[in-house]
Amino acid sequence: MYSNMIQSAKDQIAELTRSAYAAAVEAGALPAGVETPVAVEIPKDAANGDYTTTFCLAAAKAMKKSPREVAQILAGRMRFEDTYFTGVEIAGPGFLNFRLGEKWYAEVLSDVLTLCAAYGRGNALEGKKYMVEFVSANPTGPMHMGNARGGVLGDTLASVFEMNGAKVWREFYVNDAGNQIEKFAKSIEARYLQLIQGEDAVEFPEDGYQGDDIRDLAAAFREQYGDNYVNCDVAKRHADMARFGLDRNIPKMKSDLARYGIEFDQWFLESSLYESGAVEEAMAILTERGYTYEKDGALWLKTAQIMRERLRGEGKSDEQIDKLDLKDDVLRRANGFYTYFASDIAYHRNKFATRGFDKVINVWGADHHGHVARLKGAMDAVGLDGDKLDIVLMQLVKLVRDGETVRMSKRTGKSISLSDLLDEIPVDACRWFFNTKPDTQMEFDLDLAVREDSENPVYYVQYAHARIRSLISALGEDGYTLKDEVDVALANSEQERELIKALAAFPEEVRMAARDYDPSYINRYLVSLAATFHRFYNACRIKGEADDVIAVRLALAEATDRVIDNGLDILGVSAPEKM
RNA sequence: GCCCUCGUAGCUCAGCUGGAUAGAGCGUCCGCCUCCUAAGCGGAAGGCCACGCGUUCGAAUCGCGUCGAGGGUGCCA
């Protein structure tokens, strides 16, 4: 059961317009064969109707008449019985403006109250198996602001897909293999030996991880194993130290993310791809398909050729492609180790070929953008469809306090980690603020996020919810509860009509958030819904009115509350009863 | 050099597949509680939509170019 009353209204106008055109052709008033699509919009100014179509402006030329003439002819042939509309008027250069009738308002209200928690759901992605892979932070150290933003964004995006009917899998890819793990092990090793033999006796690797967290791991390792690893096989020492570090870091990441309300269906280990032979297998397929070659002792992927094929498919000319200066990529280094790219190909092949996802969305930091096209191309090269993989790139987060950029934590003097942030900012505010449009650089105002007042949009929305709860309970004490039947015609003030229209918009916002991979539609919508409610609350009293007026206004308040609840639920922000 | 993202009010940002006088919040100024939560509401001021050319009935929106900001440019992940 779904409801999208905006879409329903638009569909009706398109239908009304098309049949009016057909009738006009029949009568010989307009030429046949004009296929201009009927675009339906909601005018910014309600004075121009509740809905409008620009069909006459767009089709006039092909019909060899002025837009207003076309409008005249069509308007005269529209029948509004059993539609949501009361009539049509011609305006401006040739707009057809339609006015909603009671039927539409009544259906919106009853849909919200009937569907309850399901109101807002859509079927655009019905039956689709989606994966959202996000955060996937390097397990060699603490997570940073970018991971926090990615975590919230990915989690909310996943919820948005679910609301549109998809079956969604949330996944964290753990880079527990390869070069950086070796570096991780060597860093712990150096700190461990330094603890025992003195700082100066052991040189710290030049490209090692400098953070205190590595020192802590080394100390903990020593506490557990004493000096046993001083004279030990180096390979074993590295392996055991890496294992030790990961076994501490990964649970920490899980618990840090859990503080943000983020839970994954799976933590997928990169190492498992090596253990299962999936990397070898993917490389074999690429080789078999003729996309690899060996040079300088390394195994290379013919990225330039693959990308050329892909870009040609997108309609790019050879000249444009030449300018890109495409280069091939190393899959297996001369030292015998596979690159990250190689395991990533195996990983994404696993997502599609082994696990059968229809669509995979990866949330990445914008600094990875150079990798996007290559990975899509590599999917083509292993015989899959790179277009099933979409990457959401997020720009960086800039923390601001007192109008100045903050790079370091006050407390630790280090770059601010995801858990540091939560020590300072409530989780609701974090989830709200990080859920911004991914492709814009984000300024996170620490002063604003902690403010518990009207300047903070989280509280503005939560306040609307709390206000409604208290209103409803006050009415309940007077014996007024939600009725099955109310007369929407009594809710005919401007504020009431606007509120119902706002309620009707929710499913459409949920749909667009999924379409554009941008869950911040929900944030903006909720602020606007809350504002519409506050205006209604101010203009329309409830207590003390006639019983049937109380009934319909109470229903409006209930419905608004329901929608705010559903919206906040998608965002993972709480909806307090009292504030 | 080349590629990606961005440039809209003092600040943070909306503006959907081109549509009617360019929107919101914050900040500034002026009002509104004997009455359901004033964490609210109403009003005022504030814009060459970076700039130029083009496409069209119509451009903040699409195309090309210039300038500016951030990111990337791969045997790192």
Review point. What's the verdict on ring pair (Phe, Tyr, Trp, His ring centres under 6.0 Å) for A:H369 and A:W364, showing C-alpha distance, side-chain angles and the deciding distance?
Key: CA-CA 8 Å; A:H369 101 262; A:W364 285 356; over 10 Å; no
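- The side-chain tip of A:R333 does not point at the ring of A:Y338 from less than 6.0 angstrom away and within 45° of straight on.
- Atom NE2 of A:H465 is separated from atom P of B:rC36 by 20 Å (rounded to the nearest Å).
- Spacing of P atoms, B:rU8 relative to B:rA69, comes out at 14 Å, to the nearest Å.
- A:Y460 has its OH atom 12 Å from the C1' atom of B:rA38, to the nearest Å.
- On the C1' atoms, B:rC30 is 24 Å away from B:rC35, given to the nearest whole Å.
- Remark: C1' of B:rG18 and CZ of A:F55 are 17 Å apart, rounded to the nearest angstrom.
- Applying the 90° cutoff around 0 to the glycosidic angle, B:rC33 is assigned syn.
- Atom CG of A:D344 and atom C1' of B:rA77 are 9 Å apart (whole Å).
- A:R467 forms a cation-pi arrangement with A:Y537, by the criterion of a distance under 6.0 Å to the ring centre and an angle within 45° of the ring axis.
- Candidate nucleotides B:rG19, B:rC75, B:rU37 were compared by shortest atom distance to the side chain of A:Y463, and B:rU37 ranks first.
- Residue A:F95 has its side chain nearest to B:rG19 when only B:rU56, B:rU37, B:rG19 are considered.
- The pairing partner recorded for B:rC64 is B:rG52, the criterion being a Watson-Crick or G-U wobble arrangement whose two distances lie under 3.5 angstrom.
- Donor-acceptor pairing under 3.5 Å, judged by distance alone, is present between the side chain of A:R541 and the base of B:rC35.
- The CZ atom of A:R469 sits 20 Å away from the P atom of B:rA39 (whole-angstrom rounding).
- Of the residues near RNA chain B, A:G92 and A:Y521, the one whose nearest nucleotide (by heavy atom distance) lies more toward the 5' end is A:Y521.
- Only the C1' atoms considered, B:rA59 is 6 Å distant from B:rG18, to the nearest whole Å.
- You'll find a donor-acceptor pair under 3.5 Å spanning the side chain of A:H369 and the base of B:rG71, going by distance alone.
- Computed from coordinates, the A:L326 CG to B:rU73 P distance equals 15 Å when rounded to whole Å.
- With A:Y521 as the aromatic partner, A:R524 meets the cation-pi criteria of under 6.0 angstrom to the ring centre and within 45 degrees of the ring axis.
- Nearest to the side chain of A:R374, among B:rA77, B:rG19, B:rG40, sits B:rA77.
- Of the two residues contacting RNA chain B, namely A:E577 and A:G370, the nearest-nucleotide position lying further toward the 5' end is that of A:E577.
- Below the 3.5 angstrom threshold, one finds no donor paired with an acceptor across the side chain of A:D367 and the base of B:rA77.
- In this structure, A:K183 forms a cation-pi arrangement with A:Y209, its terminal cationic atom sitting closer than 6.0 Å to the ring centre and no more than 45° off the ring axis.
- Among the heavy atoms of the strands lying under 4.0 Å from A:T52 is at least one base atom, whether or not backbone atoms are also near.
- Partner assigned to B:rG1 is B:rU73, using Watson-Crick or G-U wobble distances below 3.5 angstrom.
- For A:R535 against B:rG40, no side-chain N or O and base N or O form a donor-acceptor pair under 3.5 Å.
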